[in-house]
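These figures come from a predicted structure and were not determined experimentally.
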Amino acid sequence: MLGTEPLAVELANTLYGEGIDFLATAEWVRAWFAEAMPGVVVPDPVQVRALRDAVHSVFSAVLDQRVPDTASIDRVNSFAAAAPVCLSLSWPQAQWTDTVSGPAAVLGRLASSCIEVVTGPYSLLRCPAPGCSMVFVRTHSRRRFCHPSCSHRDRQARYYRRLHPAGGVR
């Protein structure tokens, strides 16, 4: 189940911890797109993973307060540049929507989301919970964790440390 994070953050979070890849197979890529961007043409899984790796690399560099490597920046920019942008007007709501069609547009939308997260007013954070490596956008000044379950796990760990200050085993 995907959260409420920007698409690029959700994409980056498909690479979890040390070697867990939630886009490892074409079937998993299709399932991710069915939930994240229903109705779009699913791009080539190899290209999806290449973009995801670049987005993950850029976000990791930003979180570690270092300059992202040029290859990752170039890859994100090339995917973003390849996407045709087509605005359409919906009525009676009188609002515009960006129409995403075709694999290049889908990957371009994801790459553009990465650029928006890095350059926009977002506060990108890595979850500090024990055993979690998820990235999230802080939507509230008091938000510290990617999910309430991580907050709960952190409270449990602090409680256990108070009960067993010497690090004893249960």
Quick check for you: to the nearest 0.5 Å, what is the distance between [X] atom [atom1] and [Y] atom [atom2]?
X: L11; Y: S113; atom1: CG; atom2: OG; value: 8.5 Å
X: D64; Y: F59; atom1: CG; atom2: CZ; value: 13.5 Å
X: R75; Y: L51; atom1: CZ; atom2: CG; value: 8.5 Å
X: L110; Y: Q47; atom1: CG; atom2: CD; value: 12.0 Å
X: D53; Y: S72; atom1: CG; atom2: OG; value: 8.5 Å
X: M134; Y: R126; atom1: CE; atom2: CZ; value: 12.0 Å

Would you find a donor on one side and an acceptor on the other, under 3.5 Å apart, between the side chain of [X] and the backbone of [Y]?
X: S112; Y: G108; value: yes
X: R66; Y: D69; value: no
X: T119; Y: I115; value: yes
X: S60; Y: H56; value: yes

Considering non-hydrogen atoms only, spot the tightest contact between [X] and [Y] and give its length.
X: A12; Y: V55; value: CB-CG1, 4.0 Å
X: A111; Y: A80; value: CB-N, 3.6 Å
X: C132; Y: Y16; value: CA-OH, 3.3 Å
X: R49; Y: V29; value: NH1-CG2, 3.9 Å
X: P38; Y: A34; value: CB-O, 3.4 Å
X: R158; Y: R155; value: NH2-CG, 3.2 Å

Report yes or no: do [X] and [Y] belong to one cluster of Ile/Leu/Val/Met/Phe/Trp/Tyr joined by side chain heavy-atom distances under 4.5 Å?
X: V42; Y: F79; answer: yes
X: V62; Y: V117; answer: yes
X: F145; Y: Y122; answer: no
X: V76; Y: L63; answer: yes
X: L15; Y: V135; answer: no

Quiz prompt | Exercise: do R153 and S149 side chains pair donor with acceptor under 3.5 Å | solution =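 Per modelled atom types, R153 and S149 side chains form no pair under 3.5 Å.
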
Quiz item: Is it the case that T14 and D21 place a side-chain donor and acceptor less than 3.5 Å from each other?
Solution: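 There is no such pair between these side chains.
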
Exercise. Let me see the working for V41 and F33 under side-chain contact (heavy atoms from CB on, under 4.5 Å), right down to the final yes or no.
Key: CA-CA 9 Å; V41 176; F33 275 98; over 6 Å; no

Self-check item: Side-chain ion pair, E5 and R143, N-O less than 4.0 Å
Solution: yes

Quiz item: Between V9 and L124, is any pair of side-chain heavy atoms under 4.5 Å apart?
Solution: yes

Quiz item: Got W32 and F22 here, is their nearest side-chain heavy-atom distance under 4.5 Å?
Solution: no

